[in-house]
Protein chains: 2
Amino acid sequence: MAITIKDVAKKAGVSISTVSRVVNDSKPVSPELKIKVMEVIEELGYRPNEVARSLVTKKSYLIGVIVPDIGQSHVANMLRGIEEVGKMYNYDILLCSSYGEMNAELNYLQLLNRKQVEGLIILSAKLEKEVEAYINAFNLPFVFLSTNDYREEYRSVDIDNKIAVYEMVTYLQQLNHKEIAYIGTKPGKKTKAEVKHDAFVKAMKDSGLPSNLVVETESMSKDAGYEAAKELLNGRNHPTAVFCASDELAIGVMNYCHDQGIRVPEDLSVTGMGDIEMASYIRPKLTTISIPYYDIGAVSIRRIVKVLKGEEQTEAEIKLPFQIHKRESCKKRA
Amino acid sequence: MAITIKDVAKKAGVSISTVSRVVNDSKPVSPELKIKVMEVIEELGYRPNEVARSLVTKKSYLIGVIVPDIGQSHVANMLRGIEEVGKMYNYDILLCSSYGEMNAELNYLQLLNRKQVEGLIILSAKLEKEVEAYINAFNLPFVFLSTNDYREEYRSVDIDNKIAVYEMVTYLQQLNHKEIAYIGTKPGKKTKAEVKHDAFVKAMKDSGLPSNLVVETESMSKDAGYEAAKELLNGRNHPTAVFCASDELAIGVMNYCHDQGIRVPEDLSVTGMGDIEMASYIRPKLTTISIPYYDIGAVSIRRIVKVLKGEEQTEAEIKLPFQIHKRESCKKRA
DNA sequence: TTGAAAGCGTTACCAT
DNA sequence: ATGGTAACGCTTTCAA
């Protein structure tokens, strides 16, 4: 049996109230008793039971985090930010992988509820109605890190996708590229896919260039990028550059090029979005928009902690700065 | 204020004992009451408070996991296994990133202790004395997933490094390579680095080949691999193949080759160990020993759950099967 | 089958 | 400054 506050109190010859006071430094205790108690705590190796403590204080110091898949490097990086900053505020993470399934999200939400988490961060392509209803009933500080749908009514943290894509496409144009293709998922209404796609179109139109070279993918994966490249580079189109809505797509495209003997960047310039670790280790190194995933996680949890502390934050959306990393996969067109 | 068991009891006109019984299905309850109670639970949306429950049952359904860095893909994969299988048994993970610092490990251990975790999985290069002492005092089911030091007194899950390396080096020999180099960290006493290095030496000696082409690295990182390649391929040595103790090292080597115009596999065959995701996306695709990280995590937590259930497991070490993936980075020597 | 009550390890209020 | 005690929400005897 573990050492409890009673054991300490008895051995130190004081009441449990006194022990509690020295442990929490919550009320003045005379120096002599304080020292005595601390000695006994040390001697017995007493560690307060957080479960009991939570029950009375109603603070679990737990934050629920639901992600699609921790195996994806950008997810892992967000998690690092969440975890690290959480720890700074004494908060722990209860991590759940939904694998994109709504039922899993629902189950985990219920679990997190029962475990008395104080806040919620959800990373998901979209917020299904059922999930949303549950979260609202839940009534906890909540950050929605959408990978696609825009929901400006919830707290979120992201970069400004519109500006980022516009800048990258403009950079490609500065490199003398005229025929630039876009690879990304279907631009549904009020989605990031739409924002990115529209930014691409605008950047092209603003320069009087055609913006019809678009390949819609099923997902943001490397395999999808590989397939998209196959479709794009079938001989009918002659893009000299391609903007991919994610690094994974871009890597798939580059792999297709490698396998087909298409040289990057000599024959085709490729750009990505995300700046995942692999982007700078793959050869040629990928030119990409760096999304500060770690910071996104860090800011998300900090917002939750702030709300918990009553230091309300008003704006729902927070935009973090991004950077364009110009690396080897793009080249100036003669 | 959340709905409690009392609210349910009052509304259903029964005692809290009865409510508890139907919730846990722990003792017979008459059908009428059962239905009534369930209706009220549904109506009120009652969810048992796990904190209160933990306090009395002394089961937190929490397992503490300390890893160096969740950002590394093999770590993320272990975590996936741990998380997924844990959930199957209703266990949640309390995740802590130590970044390899002993003091962080110590702090987290204390935290996990206070949070009443029921088991412990630690991933670390070595088990420092202080950490070990703490864990032993802790007295919980514990799995030590060492990235280097061997500690056969604790539960562990891994592949058989000796056999794996021997087989890979043998494969290289079958490809007619005679001058094979080894890149890895310093082979300290009772470490995996030693086991791997010794297996390399044995495989070479068994074939009457020289085994002196060894580069010791500071770490297992890509950068370390890059530097090691620089040292190895300086013109004095003429290896035709190199075995790297990790995929990251191998990728660093391949990048150095790319930058220097050394062709892989035509000029140099490269092999890795780990089969991280990048191994099959990098070009040329990396020949490597596949370590089932997901399974290692999965088996680890399953062992803990088994111990918790009293279904003791005797052997400390569990060896999982590995595979050698023969891909593009190796080529037969003329 | 049901309910009352003790108890889990704390904190926090109320006396003293 | 210190101690006694109710309360947190639940499970689990023990009686009935």
Side-chain angles (χ1 to χ4, degrees), chain A residues 1-41 44-62 90 110-118, chain B residues 1-41 44-62 90 110-118:
Chain A
M1 208 66 253
I3 308 295
T4 75
I5 197 171
K6 282 186 190 166
D7 302 318
V8 176
K10 184 180 291 178
K11 184 135 193 172
V14 299
S15 72
I16 61 171
S17 312
T18 300
V19 177
S20 175
R21 280 166 196 139
V22 350
V23 169
N24 298 299
D25 206 18
S26 50
K27 284 205 172 180
V29 173
S30 70
E32 313 90 74
L33 282 192
K34 191 165 192 165
I35 289 172
K36 178 65 186 162
V37 169
M38 285 170 64
E39 280 173 0
V40 174
I41 286 177
L44 262 35
Y46 167 70
R47 300 279 173 263
N49 180 328
E50 289 295 333
V51 171
R53 189 177 265 181
S54 290
L55 185 59
V56 22
T57 61
K58 297 194 162 330
K59 288 198 64 62
S60 64
Y61 283 100
L62 247 30
N90 282 313
Q110 188 170 328
L111 175 87
L112 295 172
N113 184 350
R114 298 164 61 131
K115 291 255 186 187
Q116 311 300 116
V117 300
E118 299 180 39
Chain B
M1 208 65 253
I3 308 294
T4 76
I5 199 171
K6 281 186 192 167
D7 302 318
V8 176
K10 185 180 292 177
K11 182 133 192 173
V14 299
S15 72
I16 61 170
S17 316
T18 301
V19 177
S20 174
R21 280 164 197 143
V22 350
V23 168
N24 298 299
D25 206 18
S26 50
K27 284 206 172 180
V29 173
S30 70
E32 313 90 74
L33 283 191
K34 190 166 193 165
I35 290 172
K36 178 66 185 162
V37 169
M38 286 170 64
E39 279 172 1
V40 174
I41 286 177
L44 263 34
Y46 167 70
R47 301 277 174 265
N49 180 328
E50 289 295 333
V51 171
R53 188 177 266 180
S54 289
L55 185 58
V56 21
T57 61
K58 293 184 164 340
K59 288 198 65 64
S60 64
Y61 282 101
L62 246 30
N90 283 313
Q110 189 170 326
L111 174 86
L112 295 172
N113 185 350
R114 298 164 62 132
K115 291 254 185 188
Q116 312 298 118
V117 299
E118 300 179 38

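Protein chains get the first letters and strands the later ones, always in sequence-line order, with residue 1 at the start of each.
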Item to complete: Identify the 5'-most and 3'-most nucleotides of DNA chain D with at least one atom closer than 4.0 Å to a non-hydrogen atom of chain A.
Response: D:dA1 to D:dG9
Worksheet item: Of all residues at least two apart in sequence or in a different chain, which pass the side-chain contact (heavy atoms from CB on, under 4.5 Å) check with B:A12?
Response: B:V14, B:K36, B:V37, B:V40
Worksheet item: Just how far is it from atom CG of B:N24 to atom OG1 of B:T57, taken to the nearest 0.5 Å?
Response: 9.5 Å
Item to complete: Using side-chain contact (heavy atoms from CB on, under 4.5 Å) as the criterion, list what pairs up with B:I5, not counting sequence neighbours.
Response: B:I16, B:V19, B:S20, B:Y46
Discussion item. By the 4.0 Å heavy-atom rule, please label A:R114 as base, sugar-phosphate, or nothing.
Written reply: nothing
Worksheet, complete the sentence: Residue set satisfying ring pair (Phe, Tyr, Trp, His ring centres under 6.0 Å) with B:Y61, at least two apart, ordered chain then number -> B:Y91
Worksheet item: What's the spacing between B:I41 CD1 and B:E39 CD if we round to 0.5 Å?
Response: 10.5 Å
Fill in: Of residues 10-26 of chain B, the positions that come close to DNA chain C - non-hydrogen atoms, cut-off under 4.0 Å
B:V14, B:S15, B:S17, B:T18, B:R21
Worksheet item: Which residue, A:K27 or A:Y46, contacts DNA chain C at a nucleotide closer to its 5' end, judged by nearest heavy atom?
Response: A:Y46
Response to the item:
Bounded by its outermost nucleotides with an atom under 4.0 Å from a heavy atom of chain A, the footprint on DNA chain C reads C:dC8 to C:dC13
Discussion item. Test of understanding: with salt bridge (charged side-chain N to carboxylate O under 4.0 Å, His left out), list the residues that count as partners of B:K34, not counting sequence neighbours.
Written reply: B:D25
Discussion item. Suppose we screen for salt bridge (charged side-chain N to carboxylate O under 4.0 Å, His left out). Which residues come up paired with B:K59, at least two apart in sequence or across chains?
Written reply: B:E118
Fill in: Net bend of the helix from C:dT1-D:dA16 to C:dT16-D:dA1, end axes of five pairs each, nearest 10 degrees
50°
Discussion item. Near DNA chain D, counting only heavy atoms under 4.0 Å, which residues of residues 52-60 of chain A show up?
Written reply: A:L55, A:V56, A:K58
Practice prompt. With sequence neighbours left out, write down each residue that passes side chain to side chain donor-acceptor pair (under 3.5 Å) with A:T18, or none if nothing qualifies.
Written response: A:S15
Worksheet item: Taking all non-hydrogen atoms of both residues, which atom of A:L62 and which atom of A:K115 are closest, and how far apart?
Response: CD2-O, 4.1 Å
Worksheet item: Quick one: CD1 on B:I3 to CG on B:N49, what's the gap to the nearest 0.5 Å?
Response: 12.5 Å
Item to complete: Kindly give the heavy-atom pair with the smallest separation between B:Q116 and B:S60, and that separation in Å.
Response: O-OG, 2.6 Å
Worksheet item: Which heavy atom of B:D7 sits nearest a heavy atom of B:A2, and at what distance?
Response: OD2-O, 3.9 Å
Worksheet entry | Taking every non-hydrogen atom, the tightest pair across B:R53 and B:V23 | NH2-CG1, 3.5 Å
Worksheet item: Under 4.0 Å between a Lys/Arg side-chain N and an Asp/Glu carboxylate O for B:R114 and A:E50?
Response: yes
Worksheet item: Who passes salt bridge (charged side-chain N to carboxylate O under 4.0 Å, His left out) against B:R47, sequence neighbours left out?
Response: none
